[in-house]
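Below, each value reflects all heavy atoms present in this structure, side chains not excepted, and no hydrogens, waters or symmetry copies.
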Amino acid sequence: MFQLFLLAIALYWSSVQMKIHFSANACLLPICCLYGAAVTTVEGVGSTKTRVHPVQERLAKCHGSQCGFCSPGMVMSIYTLLRNYPEPTPEQMTAALAGNLCRCTGYRPILDACKTFCKVRSSDNRNTRLCLLVSTRLFSADEFQPLDPTQELIFPPELMRMAENQPKRTLLFHGERMTWISPVSLDELLDLKVAHPKAPLVVGNTGVGPEMKFRGVFHPVVIAPARIPDLNVVKYMEDGLTLGAACSLSVVKDVLANAISEFPEEKTKVFCAVLQQLRTLGGEQIRNVASLGGNIISRKSTSDLNPILAASNCMLSLVSRGKKRQIPLSDIFAGDGSNTVTPEEILVSVHIPHSKKGEYVFAFRQAPRRENALPIANAGMRVLFEEGTDIIKDLSIFYGGAASTTVCAKQTCSALTGRHWNEQMLDEACRLILKEIAIPGSASGEKVDYKKTLIVSFFYRFFLEVLHLLPFQDPCHYPGIPMEYRSVLEDFKTKMPQSVQIYQDIEPNQSPQDPVGRPIMHQSGIKHATGEAVYIDDLPSVDGELFLSVVTSSRAHAKIISIDTSEALKVPGVFDIISAHDVPATNEFYYSDDPEIIFARNKVICVGQIVCAVVADSDVHSKQAAAKVKIEYEALEPVILTIEEAIKHNSFFEPKRKLEQGNVDQAFETVENITEGEIHIGGQEHFYMETQSVLAVPKGEDKEMDVYVSTQHPAFIQEMVAASLGVPANRIMCHVKRVGGAFGGKLLKSGLLASVAAVAANNCFVNNISFSLNFVSVRLILSRGDDMLITGGRHPFIGKYKVGYMNDGRIRAVDVKYYINGGCTPDDSVLVASVSLLKMDNAYKIPHLRCWAYACKTNLPSNTAFRGFGFPQSALVTETWIAEVADKTGLSPEKVREINMYKEKEQTHFKQKLDPQNLIRCWNECMEKSAYYSRKTAADEFNKQNYWKKKGIAIVPMKFPFGLGTPYLSQAAALVHIYTDGSVLLTHGGIEMGQGIHTKMIQVASRELNIPMSRIHFCETSTTTVPNACASAGSAGTDVNGMAVKDACQTLLSRLQPIINKNPKGTWNEWIKEAFEQSVSLSATGYFRGYNDSMDWEKGEGQPFTYFLFGAACSEVEINCLTGDHKNLRTDIVMDVGCSINPAVDIGQIEGAFVQGIGLYTMEELKYSPEGVLCTRGPDQYKIPAVCDIPEQFSVSLLSSSQNPYAIYASKGIGEAGLFLGCSVFFALRDAITSVRNERGLKTSFVLNSPLTAEQIRASCADDFTEMVIESWGRVCSSMSG
């Protein structure tokens, strides 16, 4: 479910003559349910051909678009909000974006654009000039066109007339396989239910839709009752609210909010609890279509509403043919099935009662992400006291997430009735709950003990909430709760972040026409926001186009016995099924001892390996057929999934790497202390917004083929496709306009997938040519689930370390081993392991150091390059033992970091010279700008005054080496044409994937040719114009391609110089015209040979890097010790980027990488089944950071007066470095946990692995409740063993 496909829906309610606007996910919304609605897509909001809408303009000009793939979804969410609220509050704006995801920007610039529409403007001091040549202004609000609501699209009059004049009638739609029926009366619905007893009722399609799409569930008939008035009622009754079952959750939310404002507080406690759950249930786009009744009837364990509705004694109105009845909602979760909803019954409405005097109602939840995420566990609780006492008269406790559906702690409630609301009751309640609520284990890896801890923690929170309110009834008898406990009663809220960006302004004497150093908008920014930017799947279909779906292995290690395609070939529209036998030439590519494989031939070596692919006339038919391919396997041993298993079986890719300096063994004998430990670091999914995408088009002669592909490396695609087809590379033309995010994930894997598509296209073309002149093209667009299953991601890591140090904090000796999970084929694993060794020192000088790196060969999909390339993992290991030394010596972590930091010109552990001056500057500036010491004191004071909430703060330095290690990997070329009208066409080998490389290259060309950027155009990256280009990777794109563009422009300018000298006052067009007439070539290639980087692994020394980037980040967090939830309060980053070519782009790269680092270190968790199946295969299960996760205060400063003699215009490659700084949040969380453990007298030494999720935080904040869970688990184990 991706926000790119968001729609703005407008409906006209003739009964009240009112138009409503709401956003929805197109991938969930059946087109049949849009009858009578006006649908607006991003193209309808505005375009460059007509008028760019203010939302689109501001998003682009505020630099809120990088790769651009998510931008249309952002536009639609903001646009829809503005249609309903032209001057929204910041809270409304952040809520509107809660359902949107972006992987590139880090959200800050998107929110900057949003703020310009808000009624209450933020005080970011964005136009402040801090001092001479320092600027904080990335855009000018004066340039924005005003938002004029009167100029918006009107609701189509013909639809209004239709709604007012046409009588409602049943709608019937017949598709190829299914029928959609939309009745207009309850009687008709009952008849349909009798006629089609198995047909699901669909309102928002948020339940049935995903089941059909992802689980292959098929319904031949679907009934859509949303147009029935009885199911849409909203009635205010004397004893509560009655809401129709088809009411959307957004309608329910608004109705409850209005009721809370109108009714006395005593009556609205149930409303408040339900509303609290609704605020975080899904995003706006889900709530706008999901129905109240569907949420209840589905009885899903993950429902946030059912526990609180059940606990609150809500009533269900049910109807069947000839019968009406009402039952308590709690009955359907009673467990005995005595009074549940029968198959023939329809839920008409839900009655939510007013609360009573002496009644308290609360709801709780904990999820992997605070907003738009299914809960790990949730609860609804209600207590009613005997009048004027604290004696329990009635108690209801319901939990979600604990079993397959909502469960009731019925025995616990019965046992506690009549008890006083005190600590004795609390202790007994927790033990009873743990005994009664049985939580089954999960194959997806969820920990049972965390859920158990949550269910008792929720009850304790409920206990505190009620205890806090009792004094308002009788303060003499009920003293309330201690002050230090009260902060836990406040949930973390998402606020509009405040931010500042500081960069060095251009020199006063710089030409106004020279764009270098200015915050120039991304050249495709407007097209991103209008939806006009073209990605692979936007390319128009060609005659004869076919669609491809892959069939992947379901076993981790097995022999293929047979492949049965008979049923698949019967599916209508299926053209062919392609396998290894159809590959004309190379199917296995040997870049090392183990091959990279296009199609599995005789055996499979991971779940998700491509076995064959189905070619059909539509995407739907190809997927249907792929599901029908049957593969018979014979299990092979061993099945190795984890690093530990690889170590046990000695399963590694060669070579292993080692670096050593000093005398490590002798140093360990002389140090005063030694500590040993290990840390586990999980993998990370790239989660680029545009999945792997290929369009292969045979050209009909000489075996030529055009390949349009979303890749970082077109030349590599060309090479692999040519090899697989057995043709020379000059017959394969690879084209890349732009890429919707990559982060390292579109290198080798893109080549394999392009080869799959090319082989299919070639095979179909060869088979088709005898009877048709159509040239068969094949389109392969991976679904999100398939992409995550097939492509791998960041390498999981285990770091095992032994550290020798002195009492004063000086680290003298380190012996460390890194094990990375490479997966089933080599890919880049050995290189990642090598780089992790070279960069492991981070910012620290260790006199005696020995480090090993092993790339483990396992039966998981091959892991691959990912932003940072090993550094984020190995440096986290380093920072972990830095923090551990601080714990052991009693020194602060920042003190240990300062003591061991590089301080003067010296050599790294591989003997490359290093000048750490800018490292020290970044550290000191970050200390100062973040006010670290005063905030550390404030955090300590906060922690003394709050028991269940704690703050933590950490500051982390960074040294990030730049370089690709081998000279030929950093060569680059460019081609520049000047046309006779004076316009310039620029081409180079770099790929635009969100990092703004084309924008920067146009800036370079503009400076070198001394012409405006508007005269320069970039079309596409293609192997036809720039051959043999190296990959856009390792942050090197601007460095190397900038040099090539500069070279080409200088060649052209040198040719023009005699003409300019003869006519110095002439215009550019006059010079070009004269040059053409003098037969001067107006086309030039530019070339950059690359950097002289090298590394001798035998000697353990070399100069593998060209230069170093430096930075520092300080982050502050607050944790909830009861749930493990946390809030990122503030982050200050200082980064050395040399002289920035485009500060807006560079700051955006830093922020985006940092937020991606937050994901890596604190929330993104890949889970595999014991059979090696990836369980987290989509946004439902795998959570990347959202708007709610970025710091409330976010400051980025670019280090001033920094020069870099090795790169274009003294800049530095910035794309990767910022990701590691996300670990400042990890160590701030560690600081908060340390405070908890110190307060509770727990041992200081403890292990935190990455990602540091809420589960791990909660487990580390050990207390009576975690002890109860351990005790109850021990009793269960004892009874089982007995």
List in chain and number order the residues that pass side-chain hydrogen bond (donor to acceptor under 3.5 Å, both in side chains) with Q624, two or more places apart in sequence or in another chain; answer none if no residue qualifies.
none
Of all residues at least two apart in sequence or in a different chain, which pass the salt bridge (charged side-chain N to carboxylate O under 4.0 Å, His left out) check with E211?
none
Would you call S320 and T342 a side-chain contact if the rule is heavy atoms closer than 4.5 Å?
no
Answer whether the closest heavy-atom distance between the side chains of S549 and D619 falls below 4.5 Å.
yes
Partners of A38 by side-chain contact (heavy atoms from CB on, under 4.5 Å), sequence neighbours excluded?
A10, F155, P156, L159
Less than 4.5 Å apart, side chain to side chain, heavy atoms only: is that true for H196 and I181?
yes
Parallel, tilted or perpendicular: which one describes the rings of F398 and F333, with boundaries at 30° and 60°?
perpendicular
Any side-chain heavy-atom pair of L28 and V289 under 4.5 Å
no
How long is the span from the CD1 atom in I352 to the OG atom in S312, to the nearest 0.5 Å?
8.0 Å
For S710, what residues pass the side-chain hydrogen bond (donor to acceptor under 3.5 Å, both in side chains) criterion, not counting sequence neighbours?
E690, K746
Under 3.5 Å donor-acceptor pairs involving side-chain atoms of residues 244-259, not counting sequence neighbours:
{"from": "S248", "atom 1": "OG", "to": "V251", "atom 2": "N", "distance (Å)": "3.1"}
{"from": "S250", "atom 1": "OG", "to": "R287", "atom 2": "O", "distance (Å)": "3.3"}
{"from": "S250", "atom 1": "OG", "to": "N288", "atom 2": "N", "distance (Å)": "3.3"}
{"from": "S250", "atom 1": "OG", "to": "N288", "atom 2": "OD1", "distance (Å)": "2.7"}
{"from": "N258", "atom 1": "ND2", "to": "D254", "atom 2": "O", "distance (Å)": "3.3"}

Note, I78 side chain near L81 side chain (heavy atom, < 4.5 Å):
no
Non-neighbouring partners of D191 that pass salt bridge (charged side-chain N to carboxylate O under 4.0 Å, His left out), sequence neighbours left out:
R321
E176: which residues meet the side-chain contact (heavy atoms from CB on, under 4.5 Å) condition with it, sequence neighbours left out?
H621
If a pair satisfies side chain to side chain donor-acceptor pair (under 3.5 Å) and one of its residues is in residues 212-227, list it, with sequence neighbours excluded.
S182-R227
Approximate separation, where rounding is to 0.5 Å, of F547 CZ and S541 OG
5.0 Å
What's the spacing between N25 CG and T206 OG1 if we round to 0.5 Å?
10.0 Å
Return the set of residues passing side-chain contact (heavy atoms from CB on, under 4.5 Å) with Y35 (not counting sequence neighbours), or none when no residue passes.
M162, Q166, R169, L171
Contacts of A98 meeting side-chain contact (heavy atoms from CB on, under 4.5 Å) (sequence neighbours excluded), chain-then-number -> E371
Minimum-distance pair of heavy atoms, taken over all atoms of V208 and P200
CG2-CB, 4.0 Å
Is R784 close enough and on-axis enough to F687, meaning under 6.0 Å and within 45°, for cation-pi?
yes
At what distance, to the nearest 0.5 angstrom, does CD1 of I308 lie from CG of N378?
10.0 Å
Hey, does D537 have a side-chain heavy atom less than 4.5 Å from the side chain of R779?
yes
For S185 and D187, what are the C-alpha separation, side-chain angles and deciding distance, and is it a side chain to side chain donor-acceptor pair (under 3.5 Å)?
CA-CA 5 Å; S185 72; D187 287 339; 5.6 Å; no
Nearest-0.5 Å distance, CG of residue L281 to CG of residue L305
5.0 Å
Are I346 and L318 packed together at the side-chain level, in the sense that at least one heavy-atom pair is separated by less than 4.5 angstrom?
no
Residue list, salt bridge (charged side-chain N to carboxylate O under 4.0 Å, His left out) with K49, at least two apart or on another chain:
E532
side-chain hydrogen bond (donor to acceptor under 3.5 Å, both in side chains) filter on K193, not counting sequence neighbours, yields none
Any heavy-atom pair between the side chains of N295 and L309 that's under 4.5 Å?
no
For the CG atom of N100 and the CD atom of Q285, what is their distance to the nearest 0.5 Å?
5.0 Å
